[in-house]
Trainee: 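Once you've had a glance at the structure underneath, I'll fire off some questions.
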Amino acid sequence: MVVLSPPVLDHCSLIKTRKPAASVFTGIPVIDMMDPEAKTLIVKACEDFGFFKLVNHGVPMELVTILEAEALRFFNLPQLEKEKAGPPDPFGYGNKSIGANGDVGWIEYLLLNINPDVASQRTLSVFQENSEIFRTAVRDYISAMKKIAFEVVELIADGLKIEQRNVLSRMLRDEKSDSCFRLNHYPPFPELQALSGRNLIGFGFGEHTDPQIISVLRSNNTSGLQICLRDGTWVPVPPDQTSLFINVGDSLQVITNGRFRSVKHRVLVDNEKSRLSMIYFGGPPLNEKIAPLGCLLAKGEESLYREFTWSEYKKSACKSRLADCRLGPFEKTSG
């Protein structure tokens, strides 16, 4: 069993629930990547939810299984061994603290840099201290997730009837793309059962949106992920270890001038089972200018956001708390 530290409540963000969430939400869009109508269905899902489940994606399950086994092997190491890859800079091994601004969760993670222009000694140390099998598994999995991300954003461009099909994918394909990869491990939190009568829920990862263009998520069969609907209702996402889940990020919200909305999401902890998730965050190069695409603006429609570089937005996001509206400072004010 993985032990992060003595399981005291200070290390798990708790909130009181007003009413129990539905045990199953069946409205999450499921997109078959081989469906001839996929481009249209993806655009609709991004407009309505900012989130969808992707099936028939073509990623071999063997690739996923190897990485999951290697990740669990790392997270099962003695705490002192894991901490050789930390503290995060922001890359490397982290434990309970999420970011540098006071957010905490019942989580341990590895955040790995895959941008060649950003040096990270922590990322190097993770690969130096662990087996070649782990390094190869991470490399192969990231390569597969990149291909998925490229295909999804090109289908989005098709669905939006953008003439330049690579207008989004070129930012992810760029050799200086500021993308990263994260392995999240949420150990069981047994103390949660004692709190159930008080209508309290514990967070592994508090509510937030992803700042990049899109995120590609895969998890094991432990539940916990929830997304927030447009009316503010939180709904659980049924786990499916064979499928991928796509999040619209803040940058894509800006590029579509708010037509797509970045999905607010969170992860709740389980009192018995651990959850392992793998996320590829597809980001643009640091100097890439982010602004609404003119071809997506209707006649007379005003841009909701001022132009900014990805580097500017990333620096701003790093100064915020998880639940903050990170796009607020970049919105144009009326008048």
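All values below were derived from every heavy atom in this structure, side-chain atoms included, with hydrogens, water molecules and symmetry-related copies excluded.
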Trainee: To the nearest 0.5 Å, how far apart are CD1 in Ile227 and NZ in Lys264?
Mentor: 12.5 Å
Trainee: Atom CZ in Arg259, atom CG in Leu160: separation rounded to 0.5 Å?
Mentor: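 The CZ atom of Arg259 sits 5.0 Å away from the CG atom of Leu160.
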Trainee: I'd like to know if Phe52 and Met34 are part of one continuous hydrophobic network [Ile/Leu/Val/Met/Phe/Trp/Tyr, side-chain heavy atoms within less than 4.5 Å].
Mentor: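 Result: yes, single cluster for both.
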Trainee: Not counting sequence neighbours, which residues clear side chain to side chain donor-acceptor pair (under 3.5 Å) with Lys53? List them please.
Mentor: Asp240
Trainee: Do Phe181 and Tyr141 have their ring centres less than 6.0 Å from each other?
Mentor: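 Distance test on ring centres: under 6.0 Å, yes.
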Trainee: Apply ring pair (Phe, Tyr, Trp, His ring centres under 6.0 Å) to Phe330 and list each qualifying residue two or more places apart in sequence or on a separate chain.
Mentor: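 Phe330: ring pair (Phe, Tyr, Trp, His ring centres under 6.0 Å) contacts with Phe308, Tyr313.
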Trainee: Can you list the residues that meet the salt bridge (charged side-chain N to carboxylate O under 4.0 Å, His left out) rule with Arg165, with sequence neighbours excluded?
Mentor: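 Partners of Arg165 under the salt bridge (charged side-chain N to carboxylate O under 4.0 Å, His left out) test: Glu154, Asp158.
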Trainee: Do any N or O atoms from the side chain of Arg275 and from the backbone of Tyr186 form a donor-acceptor pair under 3.5 angstrom?
Mentor: no
Trainee: For Tyr305, enumerate each residue passing the side-chain contact (heavy atoms from CB on, under 4.5 Å) test, keeping only those at least two apart in sequence or located in another chain.
Mentor: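 Once residues adjacent in sequence are excluded, the partners of Tyr305 under the side-chain contact (heavy atoms from CB on, under 4.5 Å) criterion are Gln253, Val254, Asn257, Pro292, Leu327, Glu331.
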Trainee: Considering residues at least two apart in sequence or located in another chain, which fulfil the salt bridge (charged side-chain N to carboxylate O under 4.0 Å, His left out) criterion with Asp103?
Mentor: Arg321
Trainee: Salt bridge (charged side-chain N to carboxylate O under 4.0 Å, His left out) with Asp324: which residues, sequence neighbours excluded?
Mentor: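 Residues passing salt bridge (charged side-chain N to carboxylate O under 4.0 Å, His left out) with Asp324: none at all.
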Trainee: Over all heavy atoms of both residues, which pair between Leu111 and Cys180 is shortest? Give the atoms and the distance, please.
Mentor: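 The answer is CD1-SG, 4.1 Å.
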Trainee: I'd like to check Ile290 versus Pro284 (side-chain heavy atoms, cut-off strictly below 4.5 Å). Are they in contact?
Mentor: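 The answer is yes; the side chains approach within 4.5 Å.
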